Structures are given as C-alpha cells and as structure tokens.
Amino acid sequence: MDLDFLWTTFVRLIGGVPLTLQLAFSSIVLGLALAVLLAVMMRSWFTPLAWAADGFVFVFRGTPLLVQVFLIYYGLGQFRPVLDDMGIWWFFRSPYYCALLALTLNTAAYGAEIVRGGLQSVPHGQIEAARAFGMSGFTLYRRIVAPIALRQALPAYGNEIILMIKATSLCSTITLMEVTGLAHRIISETFRSFEVFFVAGAIYLAINFAMSRLIGLAEARIAPDLDQASRPAEVH
Amino acid sequence: MKNGSRPAVAVEGLTKRFGPLEVLKGITLEAHDGEVLAILGSSGSGKSTLLRCINMLEVPDGGTVAIAGEPILLKEKRGGGREPADGAQLDRLRQKLGMVFQSFNLWSHLTVLENVTEAPVHVQKRPKAEATEEALVLLDKVGLSDKRNHYPSQISGGQAQRAAIARALAMRPQLMLFDEPTSSLDPELVGDVLRVIRTLAEEGRTMMLVTHEMAFAREVASRVIFLHQGRVEEEGPPAQVFGAPKSERCRQFISSQLRS
Ligand SMILES: Nc1ncnc2c1ncn2[C@@H]1O[C@H](COP(=O)(O)OP(=O)(O)O)[C@@H](O)[C@H]1O
Ligand SMILES: [Mg+2]
C-alpha cells in the first residue's frame, strides 16, 4: 500500500468536496421548493395543472439523470442562437448551471411524489378535528397538515438526499471538478484508477454517513414517538 | 339571556342526503344552557351526521343551525347543495363547540399538552403561558397530568379520549358535542371516560351526547332524543323515554340495548 499516494490523493479530492456539497444542497433546496409546488399542483382541482405536474414527474422519473444532464448541456447548445436572443445563453453555456438545473428538476420529480405521499398520509380525522375547533386556511396547513406530512415523508426524503449527493458525481461528465471529476483528472495523470476511485468512494461514504446521521437526528426530533431506535437512513 | 330566549344550539328542519341516501329528514331540536341531551338511535340512523351538521363538518342540504342565537350562514353552491357563506363566521362559531370524536383524532405530531394548547393559542390567540396553565388544570381534571408529555401513539385509547375531552374543554366551549366517545374503547377503559363526562354534566355544562351506554344516558341526561331513520322518533326526559316510550320502535330499541 502506497500510503503517501493515498494521502495526497485524499487531500486533492477533498478539494472537490465543496463543489459536490454545493451542487447537492443547492439542487435539494431548489428541488424541494419545486417539489412542493408540483405536489400542490397534483392535488389541484384544476386538472390541466395536475396533468402538467404528473407529466413532469413522469418524464423526469422515467429518464436517466445522465441523459437529462447531456440533453440540457449538450443538447440545448444546438439552439444557441435562440437562447442568445432570449438572453439566457450565459446560463446554458455554464456546465455548473446546467448540472444544477438537471439535478434540481430530477430531485423535484422524486420529491413531488414524496411530498404528495406525505400529504395524502395525513389522517382526515385530524384535519377535521382542527376544522371543528375553528382552524382553517393557512394556519391549518402550517400547524397541522404540513408537520404531519413532514413526519411521514422525512424517511423517504432522507433517502432522496443521500441519492442526490451520489448523483452529483454524474456532473463530472460535463467537466465539473467535483470529487469524481477530480478523481478522473488524477487518474489521467497517474493511471492509478483503483486507489483513486477507492479514495473517492470513501469520501462519498463519509459524507453520506454524516448525512444519514443528521437525517436520523432530524427524524428523532420531529417524530420522537415514532421510535426507530435512532435508525439512520440507509445508504444505498 | 339564559334558558329560553337563546338556546346554546337551535337546529331547525335539518335535512342531509348523501347521494340517493336521505340521512336526515328534517330534524328540529334545541339544547339550552346547562342541558345534557343524550342522542340515541341504532347504527346508521344519522346521529353522527346530526352532530357533524351542527359544526358544519357536513353541510346540511336544508334547514338552519344557530349557535347561541346566531344562525350559521350558508349559501347555495353551484350545481346543488350548500356551503358556508362566511368562513370567518364559521370559524368563530366553531370555537363555541367542543367536539369529541369517536376515534379521538388527536393530532399525532403534538404531545398531549400541546394538543390541548394548540387551538387556544393558534386559533383563539390566547397567550401561550396562560393556555398552558389552563391546559395543566384540565389535564389534571381528566387524570392525565402524568401523560402530558406523551404523544398520542404512546397512550391508551381511554387516555387519548380523555385528552381529546381536555382539548375540547380548553376552547371554553358553550356546548360540548360527543360522538360515541366510548364506542372504540376496550370495555375496561370506558369507565374512566364516562366518569369525566359525568363530572362535566354535574358542573352544568351544556352537552349533546351520542351514546350507546344506556344506563349512563339515563343517569346524566336531562333530555333524551331517539333518532330513527333520520327523524326524531321520540323525545323526552330520561324517565319517560326509558320508562314509558310512546314510540314502539323506541321501546324495541331500548329493550334490545338493555339486553345486550
Ligand atoms: N360521508 C358520507 N358519505 C356517504 N354516506 C355517508 C357519509 N356519512 C354517513 N353516511 C351514511 O349515512 C348514514 C348515517 O350515518 P351516521 O350519521 O354515521 O349514522 P350513526 O352515527 O347514527 O351510526 C349511514 O347509512 C352512513 O353510511
Ligand atoms: Mg356514528
């Protein structure tokens, strides 16, 4: 074992962690906002809105994230003149923004299903109890519906967070130098793919271990009665 | 303003149908301050629907409901049926009604204490400290002081129902509505809940109580109403309804209940 090489590789790969985390958390936050919007649309009484949301989820869950990344970054490059005219070419020429967009849309589609499931799981009787005491509108959502939905959805959403952290590695395919991108670069210099990918994998594992602990703490805090023996979210 | 002029609740000509099924066929009744109305009737006779129409969890197709003299405003819906006309009025009047459900319906994300303070703080906008202080007194009254920091999933059905009663009382309601509060409890847990309800009756609280506990109804009710197929079939003081019912159906129902 060349410990020196492993160490220097580790130090170099750590340099990619900020970008990895930035991609993951930006897309998770933006994606969650979009997911809530989609879930509300799905439940809308105005059917075209519901169809649009269902269609979005159908497309983004049914196609590989890698294809989505390529389609947005390479595919839209074909329409540069149009995008130039619209004044948004600066966005689509940037691999960072393209990756962020693909990740956001993708996690929004999965998140929408999770949020919808959470909202559906809220027992009707508990909503009626709130209404019976004169609670309605936004207060009812904020105080009763949302927290109960969150309790239900958090384990599934925790999984989605872990999946997204891993999914950022696909961004290396459009030149982003996050952990996997840096690993490719080091391998092209050293040809030692086993050690480099081994270290890269260990870094993802460490991030996701910490993340699943945080999710477990959040679950214990939000739903202290649903005692899962502080079971951390599983790492796939 | 007490008895007589402004009943705590006045229901007039109430009708309700679910599709082809006519559940309530014109119910008229009043509950005055301090009265305990027991509502009897076989399963499916419309007892729950009647209570749910009083606080508009179901909107009646016809008739009116007035809470402390104020009619709940309804308007015609496009395509048939009615709906509340003034959400703010409904929310305000609902605060005068303390509903206790057969299946408790405690909020699962809140502790017992938080369940009791939730509506006083977030609907009635009372100061949290004051609401908490009052909630602790109520929990003590229903015998749940030691469970105040438990979640609904961590307590028994009987405890949950007593917590639900405390939750309703915390609204300082003018009228308590009980929909078969002991029907989903194990027999050994029924007694504690009935004891709490009896205490409330003795305090002179105004209550409408749907129940299958005949002996209990006879003991605490000031008036008994027997519903049959969506109508008031028999109405009177417990001694009359239980002892000498005018209606044959009521007599049959009571004897069948006493036998089982
Ligand atoms: N939301 C509903 N939709 C359709 N039918 C209902 C609904 N609620 C009650 N019913 C029907 O109305 C009838 C009366 O119900 P309910 O008021 O619950 O009776 P009770 O409480 O006396 O047992 C029953 O036949 C029941 O199936
Ligand atoms: Mg019923």
Side-chain angles (χ1 to χ4, degrees), chain A residues 32 36 39 43-47 114-158 215-231, chain B residues 48 51-52 54-58 67 84 86-112 114-125 149-155 160 163-164 167-173 176-177 179 184:
Chain A
L32 179 58
V36 171
R43 291 161 64 92
S44 162
W45 48 268
F46 186 58
T47 35
I114 296 171
V115 171
R116 189 178 66 115
L119 289 174
Q120 257 172 3
S121 76
V122 179
H124 189 59
Q126 295 187 32
I127 297 175
E128 283 199 329
R131 287 194 191 290
F133 292 128
M135 201 184 273
S136 61
F138 184 65
T139 309
L140 177 63
Y141 261 84
R142 184 174 61 87
R143 296 295 312 170
I144 305 295
V145 177
I148 297 173
L150 180 66
R151 272 161 60 97
Q152 195 62 35
L154 197 56
Y157 201 73
I215 293 163
L217 286 177
E219 277 177 44
R221 170 137 196 185
I222 287 171
D225 57 321
L226 306 181
D227 188 41
Q228 297 135 330
S230 59
R231 170 184 61 82
Chain B
S48 295
L51 282 199
R52 292 166 58 79
I54 288 175
N55 63 11
M56 296 293 153
L57 288 178
E58 302 288 358
I67 309 298
D86 180 350
Q89 186 221 23
L90 179 57
D91 285 346
R92 179 167 51 77
L93 292 180
R94 277 173 165 170
Q95 292 171 42
K96 298 176 191 271
L97 305 173
M99 180 87 164
V100 175
F101 298 86
Q102 182 175 346
S103 50
F104 330 135
N105 293 345
L106 290 177
W107 297 304
S108 53
H109 64 302
L110 300 177
T111 63
V112 166
E114 289 165 343
N115 263 277
V116 179
T117 58
E118 178 66 20
V121 172
H122 293 281
V123 178
Q124 297 181 323
K125 310 290 181 202
N149 293 324
H150 285 55
Y151 283 82
S153 62
Q154 299 169 327
I155 56 180
R167 174 176 71 169
L169 290 171
M171 300 295 289
R172 301 177 179 162
M176 291 284 285
L177 303 171
D179 189 1
S184 51

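Quick caveat: nothing in here was measured; it's all calculated off a predicted structure. Letters go in sequence order (proteins before strands), and every chain restarts at 1.
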ask   = So what's closer than 4.5 Å to chain A heavy atoms on B/Ser103: side chain, backbone, both or neither?
value = neither
query = If you count heavy-atom pairs under 4.5 Å between each of B/Ser108, B/Pro152, B/Ala88 and chain A, which one has the most?
reply = B/Ser108
query = So which heavy atom on B/Phe101 is nearest to which on A/Ala132, and how close?
reply = CZ-CB, 4.1 Å
query = Taking all non-hydrogen atoms of both residues, which atom of A/Arg131 and which atom of B/Leu57 are closest, and how far apart?
reply = CB-CD2, 4.1 Å
When B/Met171, B/His122, B/Gln154 are compared by non-hydrogen pairs under 4.5 Å with chain A, the top option = B/His122
request  = Look up atom CE in B/Met99 and atom CD in A/Glu128, then write down how far apart they are to the nearest 0.5 Å.
outcome  = 7.5 Å
query = Which of residues 145-154 of chain A get closer than 4.5 angstrom to chain B, counting heavy atoms alone?
reply = A/Pro147, A/Ile148, A/Arg151
task = Go through B/Glu118, B/Gln95, B/Met56 and name the one with the most non-hydrogen pairs under 4.5 angstrom from chain A.
result = B/Glu118
query = Atom CD1 of A/Ile144 and atom NE2 of B/His109: how far apart are they, to the nearest 0.5 Å?
reply = 4.5 Å
message = Which atoms of B/Arg92 are under 4.5 Å from chain A, going by heavy atoms: the side chain, the backbone, both sets, or neither?
response = neither
note = So CZ of A/Phe133 and CZ of B/Arg94: to nearest 0.5 Å the spacing works out to 11.5 Å
note = Under 4.5 Å to a heavy atom of chain A? For B/Leu106 that would be backbone
request  = Can you tell which part of B/Ala168 gets under 4.5 Å to a heavy atom of chain A, answering side chain, backbone, both or neither?
outcome  = both
query = For chain B, which residues from residues 114-127 of chain A lie under 4.5 Å away (heavy-atom distances)?
reply = A/Gly125, A/Gln126
